[in-house]
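The figures that follow rest on heavy atoms only: side chains count, while hydrogens, waters and symmetry mates do not.
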Amino acid sequence: MKLLLVAVNAKYIHSNPAVYSLKAYAGQYAEQIQIAEYTINNRREEILADLYQKRPDLIAFSCYIWNWELIQGLFSDIKIVMPHVRIWLGGPEVSHLAEEILIQHSEVEGIMLGEGEETFLELTQYYLDQSGSLEEICGIITRTGKTNTRSPLELSKIPFLYEDPDTFENRIIYYESSRGCPFRCSYCLSSIDKTVRLRNNELVKKELKHLLDKRVKQVKFVDRTFNCNKEHTVEIWNFLTENDNGFTNFHFEVSADILRDEELEILSKMRPGLVQLEIGVQSTNPETLHEIDRFADLEKLKKAVARIHAMKNIHVHLDLIAGLPFEDFDSFEHSFDEVYQMSPHQLQLGFLKVLKGSKMHQNAEKYGMVYSTHPPYEVFQTKWLNYNEVLGLKRVEEMVELYYNSNQFTTTLKFLQMHFTSSFRLYQELAKFYVEHEYHIKTPSRVARYEVLLQFASAIDSQNTELYAQALTFDCYLRENMKSRPTFSNQLDTFKDELKEMKKQKNITGKENHLEPFYYPVWSEENQMLTKRERPWVICFDYSKRNPLTYEAYYEVIS
Ligand code: SF4
């Protein structure tokens, strides 16, 4: 008998640690268990054909909001082409509505509820050794009913998943050093798993050392709040600082308001790029935070982020959620501005997902929440925000992705910002401009976005078009060693020869350098519009020295 664990990931670079963990835990049956990974971009027929070729007797799907629709669409066809195959499900998308799913999908034999390692091992024993009965296996539901709840697993008992990280080449390595979250955010399914369990520190260090020795590119900790245990955090971060291989990057989700001096001190000593932090702010409206059971101390959070920012060695990613209770359009604008002021490297503006099994789902009616019936169950409207406003926020989110999170326009945005009373308004106006010019349909390419931003700048401040063109030129060369000059950059004319001469004199020979004249000091820290100079400054961009956090080229004023 052959068992197939199936993961359908959102992108190729992702992998699904859950199926690897189930297989590793059922190690003695490894030869009879296979893993198949696909992405949501694979067509259903392609996945079906591939599953068929693998000739399984039992298929267990790992179900999440991003793959649930696709997976559901496979059941009936699997039963047509492989009628003997038993279908099992597991994962957060199916754990909370298991009874309904069994009614909806007669093809499904059973569902594993909650964490799956031990349950899958016992299921494997049941099918492969034909021992025991399904009724004796805790944490499952079948057509004969639900069995007893499974007690939480000791995390250190799970074998290491990445003895051979080469199998994950070009993909992110997901690592779990703790399971569960001590917090209770009402929209989050992790708040249901009340027991935080840690993997043994010595084991974690040994496994991280293996990944460091193998020089993997990135390790993402899936721990829901990595720093919820101080000793664990200090020990792991100290270990990473001392064993840094100068290459690998580690991603952590943390609660910034509980970061203490000791942890911040360790962070300050790290190589730029060794660690990146994702910090959920979600809203800055006190009523909202109270209602969603988030009791983070906002002032402490801001102070911690400011300290980390000042260290200049940690990439910071801040999250906001639109559509929460008590957050209307104005209040969201305020939340956005406060988070924007913290100058994250990435500002992720997400929309509330009303997840079955969450407290938010139970209270949805009270909040007047209308949300999609399809995964990811995103909010359309609340008592405080109508659908039109949600659509407006979606367009703002798109602009933030293209113009802020791309890090392509940092200099130009600084000047544009001076024309708006809030940063939110800047992106809102840019979104309007996109719609007016149908750019939301004709989506400009990465390079064309520089020109679109210049058009926008000229529309709001026609007096300073030249300055904006210079700021955009600076932004362009800061990131890219362009082969051809941007259309909006200065005509070099006679200055061309001077630049050549300057290169000779300064002995700048490599292809990794570019000299560019600027008539406005657009790189200056000053927060004001600038005046033009007769003779330009010349900046030398050096692409062999890039900032590991922002990937911007090193530059120097050479004349
Ligand atoms: S949102 Fe984050 S902090 Fe809140 S319960 Fe979920 S995992 Fe924990």
Side-chain angles (χ1 to χ4, degrees), residues 7 13-28 30 35 37 115 117 153-181 196-255 259-260 262-279 308 311 313-317 548-549:
I13 59 155
H14 297 169
S15 61
N16 177 324
V19 289
Y20 288 92
S21 192
L22 295 201
K23 182 173 176 182
Y25 200 77
Q28 69 263 45
I35 288 175
E37 279 191 275
E115 71 185 350
E117 284 88 356
L153 176 70
E154 195 191 311
L155 213 54
S156 303
K157 279 171 76 183
I158 302 173
F160 181 44
L161 309 183
Y162 304 105
E163 285 299 348
D164 180 14
D166 292 350
T167 327
F168 296 86
E169 208 184 348
N170 299 324
R171 293 199 292 165
I172 299 166
I173 300 265
Y174 293 98
Y175 186 83
E176 188 176 38
S177 78
S178 68
R179 200 174 269 184
C181 181
V196 179
R197 286 152 288 152
L198 302 176
R199 195 168 174 82
N200 174 284
N201 274 346
E202 292 312 312
L203 199 57
V204 172
K205 290 193 273 184
K206 188 173 145 225
E207 292 167 352
L208 294 180
K209 182 79 175 81
H210 181 73
L211 296 173
L212 284 159
D213 290 345
K214 293 273 180 183
R215 292 180 69 79
V216 303
K217 197 166 174 225
Q218 190 179 38
V219 179
K220 270 195 174 187
F221 276 64
V222 293
D223 304 29
R224 304 310 290 135
T225 301
F226 175 76
N227 62 326
C228 65
N229 180 298
K230 183 177 156 53
E231 286 71 38
H232 181 72
T233 309
V234 166
E235 199 154 343
I236 304 301
W237 281 357
N238 268 331
F239 176 81
L240 291 181
T241 313
E242 287 154 17
N243 291 274
D244 181 15
N245 62 6
F247 177 73
T248 307
N249 165 266
F250 294 87
H251 176 106
F252 297 94
E253 275 186 45
V254 295
S255 216
L259 280 172
R260 279 155 282 205
E262 189 177 0
E263 287 110 275
L264 289 164
E265 268 298 303
I266 303 170
L267 287 174
S268 73
K269 293 187 192 122
M270 288 179 173
R271 159 180 63 87
L274 171 61
V275 152
Q276 65 186 44
L277 299 180
E278 181 170 345
I279 298 163
I308 297 167
M311 297 172 194
N313 62 341
I314 312 273
H315 194 279
V316 175
H317 180 141
L549 297 190

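- Partners of Arg271 by salt bridge (Lys or Arg N to Asp or Glu O under 4.0 Å), not counting sequence neighbours, listed by chain and number: Asp244.
- The pair Glu154-Arg197 does not meet the salt-bridge criterion, since no charged nitrogen lies less than 4.0 angstrom from a carboxylate oxygen.
- Aromatic ring centres of Tyr162 and His210 lie farther apart than the 6.0 Å criterion allows.
- Between Tyr174 and Phe168, the gap from one ring centroid to the other reaches at least 6.0 Å.
- Among residue pairs with one or both ends in residues 226-237, those qualifying as salt bridge (Lys or Arg N to Asp or Glu O under 4.0 Å) are Lys205-Glu235, Lys230-Glu262, Lys230-Glu263; sequence neighbours excluded.
- Inter-residue side-chain proximity for Lys220 and Phe252 is flagged as unmet; no heavy-atom pair is nearer than 4.5 Å.
- Between His317 and Leu277 there is no side-chain heavy-atom pair separated by less than 4.5 Å.
- Note on Glu117 versus Arg179: salt bridge recorded, some NZ/NE/NH1/NH2 to OD/OE distance being below 4.0 Å.
- Counting heavy atoms from C-beta outward, Leu155 and Glu176 have side chains that approach closer than 4.5 Å.
- You'll find the side chain of Ile266 reaches within 4.5 Å of the side chain of Thr241, heavy atoms only.
- Note: Trp237 and Phe226 meet the aromatic proximity criterion, with ring centroids under 6.0 Å apart.
- Counting heavy atoms from C-beta on, the side chains of Phe160 and Leu211 come closer than 4.5 Å.
- Side-chain contact of Asn227 with Thr233: a donor-acceptor pair under 3.5 Å is absent, judged by distance alone.
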